[in-house]
Amino acid sequence: MGLRGWLLRHAASRPPVLVVAGPYGTRLRLLVEACGWPQARSPAAAAVLVSCGPLGDRLASAADNVWNDMPGPRARVSLPADATAAQVRAALEQARESLADETAQLRDAAEHLTTAWHPGEAADPTMSCATPSEPPADEHEPSDEHLGGHGSSGGHAASHEHPGGHGSSGGRAASHEHSGGHGASHEHSGGHGASHEHSGGGGASGGHEGHMGVVGGVAMAGRGPDRDGLMLDQLHVPLGPVMADWPDGLVVETVMQGDVIQRAVVVTGHPEAGRSFWDEPWLAAAEGEPVTRGAAERRRAAAHLDSLGRLLAVAGWPDAARTARHLRDRLLQSDRLLQGDRLLQGDRLLQGEDRLVRGDEDVVADYARFARRVRRSRVLAWMLRGLGQVDRDHAFLAGDVLDRVHRRLEAAGDAIGRLQDHAPLTVDLGAGGEDRGPWGDGRDKWSRVAVDLLPGLLEGAELAEARLIVASLDPDLAQLSPEAAHG
Amino acid sequence: MGEVAGLMGGLGVLVAAVALSERNWAGVARGLVVQRRRTLLPDLLLIRLGVVTLPVVAVLAALVLPVGERAVLDLGVGIVWFNAMEVGAWAAVWLAGWGANSVFPLVGGYRFVAQGLAYELPHMFALITVALGAGSLRFGEVVAAQRGLWFVVWMPVAFLVYVISALAMAFWGPMGEPGGAGIAGGVTAELSGPDRLVFLAGRYALLVVAAAAAVPLFLGGGAGPWLPAWAWTAVKTVAVLALFAGIGRRVPAVRMDRFMTFAWMVLIPLSLLQLLVVGIVVM
Amino acid sequence: MAFWILAVLAVASGIAVFVVDSMARATFALLASLIAVGATFLLIDLHYLGALIILMMIMEMLVMAVFMIMFMMNPAGLMPMSMLHNKTGAAVISAAVFALLVAGIFLTDWPDRKGAPPPDPTEALGMSIMGPKMLVMMVIGVAILATMISTVVLATRRGRYDA
Amino acid sequence: MTLEGFLLLAAALFAIGLYGALSQQSIVMLMMGLELMINGLIVAGGAFWYFVAPQTADGQVLVLVAVTVMALEMAMGFAVTTAIFRARDVDTTDGAEDLKG
C-alpha cells in the first residue's frame, strides 16, 4: 500500500494533460498551457482531462469518450467559461492532488471497470475505433445530419451547403441569413459528389463476400481504389475534435487508405454563439470601447505564435514549438483579458495594455532569434515545400505550407514591432480581409476560406502532410460563429 | 558473469539517464501505477510480444559490443549480429502498432517499416565499410584496426549515415515520425501503464546501444590516454548521445515520403562511393 | 538440448502458421520458425549464416506483413474463416512425403565426417564464393537483377509508362 | 545434436510447408508454405556442411543460395499477386483458376 501511494504521488508530480477546447475555449486553453504541464498526445498517455468552458453536445460526448478511454489514475477538470488564471491554476492543482489520492483513484478504478466496453454493445462502422481523437459513437448514426444526408442520398441534396461558398444564387444578405440560420449545422465545402460508403454496407466488396461481415459489433473495413488503382481497404477516420495540436473544435471526417486521405469532409458548426478570443480587441473597438493598437497587435502576434507552435509540434520539432508557445505566453502575460481580469474589474479591459511591460524588449530579441532559427532550418523547408498548394487569390493563405510559415513569422514579427503603438484602434469590419482579425463579411473571413479550402487540399495527402496542411491554415472556428458572421 | 553485470549495469544507468533527461521520472512512476487500457478487439498477444521484444533486442545487440577490452559475447560476426538484432526492432514496433487495432498506432507501425526500408540499405553499407576497413566482422578487431586512425576521420560519410540510421532505428528525434506528435504518438498512442514503460525503455535502450556501438565502430573503442578502456567507452558513448540530443533539438522530423528519395538518390550512392574509397585504400 | 528446444519451436510455430486464424499471427509464427532455424545455425558454428538468416527473415516477414494487410481481407482474424481447399489431399501427400523422408534419413548410411570445421567458416564461405563458386555468385546477381526488373514490370499498372 | 536430428527437423519443416503450399487458397499463405519448405532445405544444407563436409564450403553456399531464393521468391510472388489483384481483384488461387490453359 505504501509503495503504491508513494508512486502515485510521484506520478502526479508532472501529469500529462489532454485539453478539450471548443472554438470558444481558446482563452482557457491558453491558460492551461501556460501552466507548463506536459501535453499528452493521446488518451492512453493522459492523466488529466481538462474541458475548457461549455463544450456543446458533440464535443462533450467526444470528451466523455476520451475520459472513458483514459487509464487510471486519472482526473477530470471542467473549467467554467469565465475562470481566471488563478482559478485555472487552482483547478489543476486540485487535479494533481486527486491523482495522488489513493482511495479516490481506487474507487474510480473500480467504477471504471464496471463500465468497460463489451463486444456487441457498440456499432461503430470504423474498423479501428478508440483512436485518440475518439469519435463519439453517434457520429455515424443517421441523426447526424451530414453523414445521414450523404449516406441516404449519395449526393448534395440533403446536405447543407454554404451558399456563398458554392457560388449559387443569393447575394450577400441571403448568404448571411443562411449562415446565420445554419451556423450550427454541418457545413461542408468542396464540390464532391461522392457518397459515403459505409463499410459492411457492401458497396465494393466483389469477390470477398466470404470475408466481409461484422465482428463483435464492428464492421470490417470497406474497400475502394487506391492511388495506384488497386482496390484496397478503406477506413473512416474522424480527425479531431480532441487531438493535440489541432485547431480547437475542428472535425475532419476522412476516408483513408493506409495513411493516405482519399476524401475529407470538414464538419464545423457550433450551436452556441460566441466571440473569437483572437478577434476580441477588434470587435471591442468596433463596439466603441477604447482599445489601443498595441493591445491588438499583441493579440495578433500571440495568435500567430499559437499557430506556429502547433505547426512546429506537428512538424516534429518540439524544441521550436516550445519556444513559440513560451513566447506566446510571455506576450499574453500582460493581456488582462486572458488572465480573466475583465470579469473581475468590469469592462475596462484592453486599455493600458500598451504601457511598457517589463520584459517586452526581451520578447522582441527572443522572437527575432526564434524566427531566424525557423527560417534557416533547411530540413524544415525541405519537408514543408510544395505541401498544400493554395492559389494566389487567397492572399494570406496562398502558396505552400512553407510560404504560410514564412508569412506568419513575418506577420508576428511586424506585430511584435508595434507593441508600443499607443494610438487608438479604429476598425472597419466591412473592409477587406487581413491575416488575423475579424475583417470582411462571413464569406471573406480567412477562417472561412481556410475551412473551404481544406477538403480539396487534404484529398490525396498522407496523414502527416494533412496534419501540416491543417496546422498551416489553422482556421479559428470561432470566427465562423453566427455572431462573428454578422460582424 | 561480471562482464554481463557490468554491461547491463552500465546500460541501465545510461538508459535511465537518457530517460530522466527528458524529465520522465513522473512518466516512470506513472508506468508503474497506471492501469492497462484496452482498445476495441486488440491482439493482446502481439502487443505484448512487440512491447517485450524491443528491450530484448536492444540488450541482445549490446552483448557483442566491447565494454573496455572485450565483449560479453565476442562473436566473430559481431557486426552482422548487431545488425540482425537491431532489425528486430522492426518486428517489435510493427507488432505493437498492429496489435492495438487502432488507426494511429497502425500508421506508426507502417511508417516504421517504411523508415526501415529507407535507412537499412545505407546503414548496411556503412557497416560493411567499417568491416572492410578493419578486415573483420568482429568488434574487437574493428577497434584494433583503429589504433592509428579513427574510422570517423577517413570514413566520414559512413559515420554520417550511421548517425542517421541510429536515430532511425530508435525512432527518436528527427526520425521519430513513427511515434510522432502528428499521429498522437503513433505506435505508443494506445500503450499505457507497464506496456508503455517497457516499450519506451526499450526505445531508449536501443538509442543508447546505437550510440554505444558508434564507439567501437568509428571512435576507436576504448582507446585514450589516462583513463581505463571502459571509462573511455562510457565517455565516448555519452558524447555520441549528446550529439544525438543536439540533433534532436535542432532538426525537425523527417518524413519518409521525402527522405526515401534522398536515401536512395544521395545516401546510397555516397555510401557506395565511400565503400569504394575504403576498398581501394585497403587494397 | 538447446537444439531440440529450437527444433520443437521451429516445428511448432511452423504448424501454427496454418492453424492460427489471423494473418498477422501467421506471419509472425513463420518468422518465429525461421528465427529458430537461424538460431540452430549458431549452434553449429555457422554464426554468419545464422545471423544473416535472422536479419533477412525479419525484413522479409515485415514486408510480407505489409502486403498481407494490403491484399488480404480480414487480416486480423476477427472473423473465423477457413481458406483451405483439398485439405485432406494435402494432408495425405505431405504426411507421405514426411514418412518417406524420415525413412530415408534413418535408412541411409550417411558418410562419416571428413575433416573439422575451419576456424573461421565465414572466411571459408567468402573465399569460396569469390573463388571456386564465383559462378554461383554471378548467377545470383543476375537473378536478383532479373527479379527487380520483372517485379517492377508486373506490379506497376500497365500503360503508366508505355503509351 | 546429430545429423539425423537436423534432417528430421528439415523433413518436418518441409512437410509442413508442403501441406501449406498444397492446401492454402490465398497466394500469400501459399508463399508462406513455400518459405517453410525452403526453410527445411536451409536446415538440411547447414547440417550437411557441419556433419558431413565442413572442409569445403559447399553446404554454406547452398544455404546462401536458398536464402536468396527465398527473398526472390517473395518478391516475385508479391509482384504476381499485385498483378493478379489489379487485373481481377482476387488474391486466391481458386479465383485465378481461369488462368489455366
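Fair warning: this is a prediction, and the values are worked out from it, not measured in the lab. For the numbers below, each heavy atom of this structure counts, side chains included, while hydrogens, waters and symmetry mates do not.
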Just verifying a value: how many Å separate C/Ser33 OG and D/Leu13 CG, rounded to the nearest 0.5 Å? 5.0 Å
Option that, when pairs with chain C are counted at under 4.5 Å, heavy atom only, ranks first among D/Phe48, D/Trp49, D/Phe51: D/Trp49
Most heavy-atom pairs under 4.5 Å with chain D, out of C/Ala96, C/Ala91, C/Gly38, belong to C/Ala91
Could you tell me which non-hydrogen atom of D/Ala15 sits nearest to which non-hydrogen atom of C/Ser94, and how far apart they are? O-CB, 3.3 Å
Nearest-0.5 Å distance, CD of residue C/Glu60 to CE of residue D/Met31: 9.0 Å
Quick check on D/Phe6 against chain C: is it the side chain, the backbone, both or neither that has a heavy atom closer than 4.5 Å? both
If you apply the rule side chain to side chain contact (heavy atoms under 4.5 Å, CB included), what do you find for D/Val63 with C/Phe41, and how did you get there? CA-CA 11 Å; D/Val63 172; C/Phe41 274 41; 3.8 Å; yes
Measuring only between side-chain heavy atoms, which start at C-beta, is D/Val67 closer than 4.5 Å to C/Met57? yes
Distance check, rounded to the nearest 0.5 Å: D/Leu64 atom CG versus C/Leu52 atom CG? 6.5 Å
Working to the nearest 0.5 Å, report the span between CG of D/Leu36 and CZ of C/Phe18. 5.5 Å
Tell me, out of D/Leu18, D/Leu72, D/Ile42, D/Val43, who's got the most heavy-atom pairs with chain C below 4.5 Å. D/Leu72
If you compare all heavy atoms of D/Ala11 against all heavy atoms of C/Ile105, which two are closest, and at what distance to 0.1 Å? CB-CD1, 4.0 Å
Segment of C/Ile15 engaging chain D (4.5 angstrom heavy-atom cut-off): both
Please identify, among C/Leu101, C/Leu100, C/Val37, the residue contributing the most non-hydrogen atom pairs under 4.5 Å to chain D. C/Val37
Please determine, among C/Val11, C/Val8, C/Val63, the option with the most heavy-atom pairs under 4.5 Å with chain D. C/Val11
Toward chain D, the part of C/Phe98 with a non-hydrogen atom under 4.5 Å: both
Checking C/Leu6 against chain D: side chain, backbone, both or neither under 4.5 Å from a heavy atom? neither
Pick one of side chain, backbone, both or neither for D/Leu3, based on which atoms fall under 4.5 Å of a heavy atom in chain C. side chain
Applying side chain to side chain contact (heavy atoms under 4.5 Å, CB included), run through C/Phe3 and D/Leu9 and close with a yes or a no. CA-CA 10 Å; C/Phe3 167 74; D/Leu9 170 62; 4.1 Å; yes
Side chain / backbone / both / neither for C/Val97 at chain D, heavy atoms under 4.5 Å: side chain
I need the residue from D/Ile16, D/Val69, D/Leu8 with the largest number of non-hydrogen atom pairs under 4.5 Å to chain C. D/Ile16
Residue C/Met59 versus chain D: region with a heavy atom under 4.5 Å: neither
Could you look at C/Leu34 and say if it's the side chain, the backbone, both or neither that has a heavy atom under 4.5 Å from chain D? both
How far apart are the closest heavy atoms of D/Tyr50 and C/Ile44, and which atoms are they? CD1-O, 3.2 Å
Engaged part of D/Phe14 at the chain C interface, taking heavy atoms whose separation is under 4.5 Å: side chain
Output the distance between atom CE (D/Met32) and atom CG (C/Leu30), rounded to the nearest 0.5 Å. 6.0 Å
